[in-house]
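Below is one structure, written out as structure tokens; the observations come after it.
Starting from 1, each residue takes its place in the sequence as its number.
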Amino acid sequence: MSLTEHTPAIVRWTRRLEETTGLDGVVDAIEPSIQAAFGSGTRGELLRGEWLGHALHPILTDLVVGPWVSASVLDLVGGRESSTAAKTLVGVGLLAVGPTAWTGWAEWSQTGRRDKRVGLVHAATNAVAIGAYTGSWLARRSGRHSTGARLALVGATVSGVGAYLGGHLASARDVASNHPAFDES
């Protein structure tokens, strides 16, 4: 059997997530508020990156994930001597979370039902990661470096799941704003 004949478990799980109609109640409940806050008018166009010709969300995710992963690298190789720098990096990632989430919700507002389901789980997973990183920053701030480092590793793990789902939306489902000129052959 070739690799193309076997569907990996994570792909099967992601396909099931796309078809999980049990998420539709939450999608329907939040959709009007998300559309009003992030998806419509000039604000929606700005947040989707229409002025840039590309989706803004993937660019901003690097400003969140990059510092967070860098903090964990410092924790693992630098230990306590790197605690101040690691705390700063976790804080930088937390500061970038708001605009990053707003751009994600703007993209979400323009998607179809299957993508909204995956996007909802993507957002919920990232919310858990944000909670872990917030706890990490608070622990570090009060001098509990080891607790902060452990919470950051939890955040990185959970964030990895969120990143997988975001990558699925961007790559496999082609969810992203782009200028029509890029559609030309």
Side-chain angles (χ1 to χ4, degrees), residues 8-11 13-14 16-18 20 22-23 26-27 29-31 33-34 37-39 47-49 55-78 82-109 111 114-173 175-176:
I10 191 135
V11 172
W13 174 79
T14 306
R16 281 194 304 274
L17 179 58
E18 290 177 350
T20 303
L23 295 170
V26 178
V27 168
I30 68 170
E31 190 170 20
S33 298
I34 297 297
F38 306 110
L47 290 171
R48 280 188 295 279
L56 195 53
H57 185 66
I59 298 167
L60 294 181
T61 61
D62 291 350
L63 299 177
V64 176
V65 176
W68 285 351
V69 170
S70 297
S72 288
V73 169
L74 286 177
D75 289 336
L76 294 171
V77 300
S82 299
S83 62
T84 300
K87 178 183 79 174
T88 299
L89 287 167
V90 169
V92 167
L94 288 170
L95 289 174
V97 159
T100 303
W102 304 336
T103 59
W105 284 119
E107 290 292 342
W108 183 87
S109 72
T111 65
R114 288 172 53 164
D115 299 330
K116 278 186 169 59
R117 293 172 186 145
V118 175
L120 180 67
V121 176
H122 168 69
T125 304
N126 286 330
V128 172
I130 292 163
Y133 279 108
T134 300
S136 172
W137 188 84
L138 291 170
R140 293 166 192 273
R141 187 173 141 214
S142 54
R144 297 184 333 246
H145 172 75
S146 295
T147 300
R150 283 192 301 276
L151 285 168
L153 287 174
V154 168
T157 302
V158 174
S159 180
V161 174
Y164 168 80
L165 293 172
H168 169 72
L169 288 168
S171 297
R173 299 291 299 153
V175 171

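A parallel orientation is assigned to the rings of His168 and Tyr164, their planes being inclined by less than 30° (bins at 30° and 60°).
If you look at Trp108 and Trp105, their ring centroids are closer than 6.0 Å.
Residues passing the side-chain hydrogen bond (donor to acceptor under 3.5 Å, both in side chains) test with Arg114, sequence neighbours excluded: Glu18. With sequence neighbours excluded, the residues forming a side-chain contact (heavy atoms from CB on, under 4.5 Å) with Pro67 are Leu89, Val92, listed by chain and number.
Here the straight-line distance linking atom CG of Leu23 with atom CG of Leu17 works out to 6.5 Å at 0.5 Å rounding. A distance of 11.5 Å separates NE2 of His57 from CG of Leu47, quoted to the nearest 0.5 Å.
Between the Thr14 side chain and the Ile10 main chain, a donor and an acceptor come within less than 3.5 Å of each other.
For residues 122-131, the set of pairs meeting the side chain to side chain donor-acceptor pair (under 3.5 Å) definition, not counting sequence neighbours, comprises His122-Asn126. Sequence neighbours left out, not one pair with a member in residues 83-96 passes side chain to side chain donor-acceptor pair (under 3.5 Å). For residues 55-78, the salt bridge (Lys or Arg N to Asp or Glu O under 4.0 Å) pairs, not counting sequence neighbours, are Asp75-Arg140.
Between Trp68 and Leu94, some side-chain heavy-atom pair lies under the 4.5 Å cut-off. Contact annotation: the side chain of Leu120 approaches that of Ile30 to within less than 4.5 Å [non-hydrogen atoms, C-beta and beyond].
Shortest non-hydrogen contact noted between Thr111 and Lys116 is O-NZ, 2.6 Å. Of all the heavy atoms in Leu74 and Ala86, the pair that sits closest is CD1-N, 4.0 Å. Of all non-hydrogen atoms in Pro99 and Leu60, the two that sit nearest each other are O-CD1, 3.7 Å. The two residues Arg48 and Gly39 have their closest heavy-atom pair at NH1-O, 2.9 Å.
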Expected list for residues 147-161: side-chain donor-acceptor pairs under 3.5 angstrom, two or more places apart:
| residue | atom | partner | partner atom | Å |
| --- | --- | --- | --- | --- |
| Thr147 | OG1 | Arg150 | NH2 | 3.4 |
| Thr157 | OG1 | Leu153 | O | 2.9 |

